[in-house]
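Have a look at the structure below before the remarks.
In the text below, chain A, chain B and the rest are named by the order of the sequence lines, each starting its count at 1.
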2 protein chains.
Amino acid sequence: MSNEKEVTIYDLARKLNISVATVSRALKDDPVVSKKTKKKISDLAVEMGYRSNHFARNLRTQRTNTIGVIIPRINSYFMSSVIAGMENIATSEGYNLIISQSSESVEKEVANTITLFNNRVDGLLVSLTYDTDSLAHFDPFIRKKVPLIFFDRTADQKDCTCILINNWKAAYEATTHLISQGRRRIVHLTATQKRNVYIDRLEGYKQALADQRIPFREDYIIVGNLSQEAGAEAASRIREMQPLPDAVFVANDNCAVGCMIALKQMGIRIPEDIAFVGFNNDPVSTVVEPNLTTINYPGYEMGQVAARNLIDHLNGSSNIHSTNTIILRSELILRESSVSRQP
Amino acid sequence: MSNEKEVTIYDLARKLNISVATVSRALKDDPVVSKKTKKKISDLAVEMGYRSNHFARNLRTQRTNTIGVIIPRINSYFMSSVIAGMENIATSEGYNLIISQSSESVEKEVANTITLFNNRVDGLLVSLTYDTDSLAHFDPFIRKKVPLIFFDRTADQKDCTCILINNWKAAYEATTHLISQGRRRIVHLTATQKRNVYIDRLEGYKQALADQRIPFREDYIIVGNLSQEAGAEAASRIREMQPLPDAVFVANDNCAVGCMIALKQMGIRIPEDIAFVGFNNDPVSTVVEPNLTTINYPGYEMGQVAARNLIDHLNGSSNIHSTNTIILRSELILRESSVSRQP
DNA sequence: GTTGCTCATACAATCGTTTGCATATCGAAA
DNA sequence: TTTCGATATGCAAACGATTGTATGAGCAAC
């Protein structure tokens, strides 16, 4: 009982006195097999507890029904929501996900790429590390025409779809909002200017200033790794600025929260002295006091869209060249951290 | 160039005028092949860009090098940390992870189990839903002797390893701490009493009361789904209690935070009027004001241990019968939410 | 020169499917 | 009765590895 042999299509065929070819076709619902035989076969399959052998099939068909995912780290609210969305779609479409973390290390990203290539994933969903410059490690996929989709932290790669929000616009709105609240000396906390998301947010911020005829100041840009600790460090620098800035726009809620807490400990009042706007709509944004104004960034939805899009490509129901960029809706959520007085 | 055929061991063999058997053995570093041939072969493999075909190998060896993971939801800080830990170990050991979410639905858990069984995973790592009663859906794995490890939300299943913290002790310490701060009317927010973690925490809480001769009150136990919203609802019920409780021990930080925020809005002071202790050491616990005393629950480490343990079983380097339960260290972290006056 | 032994390599079956092509069946039209 | 399409089924060759068993080469001892 415990070591029962697996049931194969040969067993089914033998029992019914038909050929394996017919069994194989019947199980795939091939119209060439008659309804009667199909029924006989599928009934017996259930009865004998047959389950198809993915390896044999994959070996034969040269497909894996597996999607590779490479992300910087999984344990952030945003990214785990993305993964949840991907899992949701993939499972319902019969695909498996192989998830690997680069931990913000380019070498690990390259290593993961190789692993996934050797696993012969059917497609790849990628969000890059802060520092990835060269995209050469994706060449093997391109050459073999394995579809590749970037999301969130994307890169310009010919023939690859990108899934994003309009970071420029989000930052523009955030900054404009701060200005509309009477703020003029607006610091921007961001990460390395290698990645689209941070470049675009900075540009949006700059444009908002320009449109309101507020001069841009290089020393108001603080670059870090956007961790909570980086936020606390930035707080010390902000504290030293003369005159004290009256607002901070942060490219990530966690970092914003770290900065807010540190400033509050220094006796600075939020939003009276300094207003804050974050990014991502992380759960902490409704816990910190005052609640943090932020940009809603739909992670779960982004994961779903990415997976759905890739699977559509794989099924041939969409052409990878037809859609090159998908922009998801995002919006500014107003909370107390940035509003000068509540209505 | 773009449609180059995959290089197989046959290609290598032909080029070197030797048999595929030798090539196969050489690539596995089988000592029976001479050093000289091995070198020739591995050099050529690199040169020609050979990569082994997992499906052919799996088909032949009947192993998949894949581990299945079933969890309630991935997008919580604790669970995404667990996954990160698992990914870390699995990747370094050459295993892949297939992660599936049950979303707290027993039906989805069963469906995922079937999917993973059909995927022929080598082993399974499971954290159960709130409501899973029967474990019958795991029988196919047991029968085929596929190792099965439960973590966090575990169940008694013969021959299965469980990985946990000592929930009883953690709750006992948390409650004792509250009592030591002069609290007597301690409410406990928890989840369904079907799962070990919540049962054990309640028992620890009860025992701590008993040891301090404080009568247990059934109406101080509030059962919910431990979401932030459930915390807010609980706050309303707590508010109505006469006399007002003076402490709350919550089985989850997120829920604790929801409850604290709601109570604060009602004008109740924390910790003066009501002290709080949470569970998990989620990042929000250091953001909420006052910072939340909690139990440190090492998610990343738990994921690593679970994966390590399973892989050791699979490699035969450990016997599944030898270790039945692994208890990880946890500890009470004191913060302002429960300490009556700071030193 | 034969025997015996070790070390290295080759042969060939096997794993469970898929699929192009060939074949069988059967009723209807010629 | 023969012929012709359909329609349904079967044959057999892949797919790319692994591995038990057989074979061959080389060499030392007798």
With distance as the sole test, does B:K108 use its side chain to make a donor-acceptor pair with the main-chain N or O of B:P72 at under 3.5 Å? no
Looking at B:Y300 versus B:Y77, is the centre-to-centre ring distance below 6.0 Å? no
Rounding to a whole Å, what distance do you find between A:I18:CD1 and D:dA12:P? 17 Å
Is any side-chain N or O of A:S34 closer than 4.0 Å to OP1 or OP2 of D:dT9? yes
Sorted by chain and residue number, the side chain to side chain donor-acceptor pair (under 3.5 Å) partners of A:T129 (sequence neighbours excluded) come out as A:T132
Show your working on ring-ring contact (aromatic ring centres under 6.0 Å, His included) between A:F138 and A:F150 and close with a plain yes or no. CA-CA 11 Å; A:F138 296 112; A:F150 292 102; 5.6 Å; yes
Applying a 4.0 Å non-hydrogen cut-off, can you work out what B:D11 is touching in the nucleic acid: base, sugar-phosphate, or nothing? nothing
Mind checking if B:D30 touches a base, just sugar-phosphate, or nothing, with heavy atoms under 4.0 Å? nothing
Whole angstroms only, please: what is the CG-P distance between A:N58 and C:dC15? 19 Å
Take the angle between the ring planes of A:F55 and B:F55 and call it parallel below 30°, perpendicular above 60°, tilted in between. parallel
Rounded to the nearest Å, what distance is computed from the NZ atom of residue B:K36 to the C1' atom of nucleotide D:dA25? 13 Å
Taking side chain to side chain donor-acceptor pair (under 3.5 Å) as the test, write out the residues that go with A:E301, two or more places apart. none
Whole Å only: how far is the CZ atom of A:R14 from the P atom of C:dG16? 11 Å
Please report whether the ring centroid of B:Y50 lies less than 6.0 Å from that of B:Y10. no
Provide a list of protein-nucleic acid N or O atom pairs under 3.5 angstrom, restricted to nucleotides 25-28 of chain C.
none

Pair listing, salt bridge (Lys or Arg N to Asp or Glu O under 4.0 Å) test, anchored in residues 55-77 of chain A, at least two apart: A:R63-A:D122
My understanding is that only residues two or more places apart in sequence, or in another chain, count here; which of them pass side chain to side chain donor-acceptor pair (under 3.5 Å) with B:D133? B:K194
NA contact type, A:V32, heavy-atom cut-off 4.0 Å: base, sugar-phosphate, or nothing? base
When every nucleotide of nucleotides 16-23 of chain D is labelled 5' to 3' by its protein contacts under 4.0 Å (heavy atoms), B for base, S for sugar-phosphate only, - for none, what sequence of letters results? BBBBBB--
